[in-house]
Amino acid sequence: MANIAKLPQTDTPAGYVAGEVRAQLARRGWSATRLAVSIGETQSWMSRRLTGDVPFDVDTLTKIAEALGVHPGSFFPDGGDTSPSGGLQLTAGEQRMIVAMRMAAEMEDRSKD
């Protein structure tokens, strides 16, 4: 099980995303181990990401969103801020990743209609 005593620093992009993934797990009553197994990873691999020590990559977040039945963009800040980063200080690469994930999710939503 993930070390729940060590919470991610949510003022960093990796920490914020880790916190959001943890929140989605809690909402569904899932353990970190259950999520790890559902996406083909180990518990220790997942633990390092849920503490914010290692950032999630786009492909993994997409798998996690699918496993949890949520939109991949739900792991990123929004809060009414229309900037790609939702107000966080992100690198250009991180901003591009967020924009790409949001665009992919919008395209998927449109294809369902």
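As the structure is a prediction and not an experimental result, all values here were calculated from the model. Atom set for the values below is all heavy atoms of this structure, side chains included, hydrogens, waters and symmetry mates excluded.
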Closest contact, heavy atoms only, A65 versus H71 | CB-C, 4.1 Å
Nearest heavy-atom contact between Y16 and F76 is CE2-C, 3.6 Å
Which pair of heavy atoms, one from G52 and one from A14, lies closest together, and at what distance?
-> O-CB, 4.2 Å
Same cluster for W45 and V58 if Ile/Leu/Val/Met/Phe/Trp/Tyr side chains link at under 4.5 Å?
-> yes
May I ask you to decide if Q43's main-chain N or O and S47's side chain share a donor-acceptor pair within less than 3.5 Å?
-> no
Side-chain contact test, heavy atoms from C-beta onward, threshold under 4.5 Å: evaluate it for F56 versus L50 and give yes or no.
-> yes
Would you check if L25 and R34 make a side-chain contact, meaning some heavy-atom pair closer than 4.5 Å?
-> no
Set of side-chain contact (heavy atoms from CB on, under 4.5 Å) partners for R28, sequence neighbours left out | Q24, W30, L68, V70
Is there a path of hydrophobic side-chain contacts, each under 4.5 Å between heavy atoms of I, L, V, M, F, W or Y residues, that connects M46 with V54?
-> no
Any donor-acceptor pair under 3.5 Å linking the side chain of S38 with the backbone of L35?
-> yes
